[in-house]
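Numbering starts at 1 and runs along the sequence shown.
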Amino acid sequence: MKRNGLPVFTFATALAVVLALPLSAHAQAADLYKAKCAMCHGADGKKAAGHDFTSADVQKKSDADLTAVITDGKAPKMPKYGDKLKPEEIKGLVAYIRTLK
Ligand code: HEC
């Protein structure tokens, strides 16, 4: 009996890790957004004047455009995050902005 316990446990653990990964990446992006972006852009993405993340104007921009603004910033008020966040984190934030539309 003892011998059978281990493989089942290992399989269940591997499955749990695989299932949890995409979820945690999204939760991480949501936390990052709340911590670093929401004070200017609003929790729902609608706050920054003229740059409502839920609008067609922002949503029609490519992932590359949004990534560039987050990475390099935009004068005068949008800070640059290229040196503060990892590329995967910025990618997660772009994906998060897509969920706000
Ligand atoms: C200090 C306030 C501030 C913070 C903090 C901030 N932003 Fe911005 N952001 C702005 C402003 C203002 C603009 C509009 C810039 C412009 O075009 O004049 C902007 C523009 C943008 C745009 C481009 C939207 C468009 O219309 O092209 C994106 C994408 C963006 N911000 C994402 C983020 C993300 C993601 C974070 C958090 C990591 C963040 N911002 C944090 C103020 C801020």
Go through the steps to decide whether Ile97 and Gln59 satisfy the test side chain to side chain contact (heavy atoms under 4.5 Å, CB included), and finish with yes or no. CA-CA 8 Å; Ile97 288 170; Gln59 291 293 338; 4.1 Å; yes
Once the angle between the rings of Phe53 and His41 is folded into 0 to 90°, is it parallel (under 30°), tilted (30 to 60°) or perpendicular (over 60°)? parallel
Exam field: side chain Lys84 to backbone Lys80, donor-acceptor pair closer than 3.5 Å: yes
I need the minimum non-hydrogen distance between Tyr33 and Gly45, along with the two atoms involved. OH-CA, 3.4 Å
Might you point out which heavy atoms bring Glu89 and Leu32 nearest each other, and give the distance in Å? CB-CD1, 3.7 Å
Using 0.5 Å steps for rounding, measure from the OG1 atom of Thr67 to the CG atom of Asp72. 10.0 Å
Leu93 and Lys36: side chain to side chain contact (heavy atoms under 4.5 Å, CB included), yes or no, with the steps? CA-CA 11 Å; Leu93 285 167; Lys36 300 198 187 279; over 6 Å; no
Measure the OH-SG distance between Tyr81 and Cys37 for me, rounded to the nearest 0.5 Å. 5.5 Å
Given Leu100, which of Asp44, Thr54, Asp52 fulfils the side chain to side chain contact (heavy atoms under 4.5 Å, CB included) condition? Thr54
To the nearest 0.5 Å, what is the distance between NZ (Lys74) and NE2 (His51)? 5.5 Å
What are the two closest heavy atoms between Leu66 and Lys61, and how far apart are they? CD2-CB, 4.1 Å
Locate the shortest heavy-atom distance separating Ala43 from Tyr96; write the atom from each residue and the value. O-OH, 4.4 Å
Check whether any side-chain heavy atom of Lys34 lies under 4.5 Å from a side-chain heavy atom of Asp31, and answer yes or no. yes
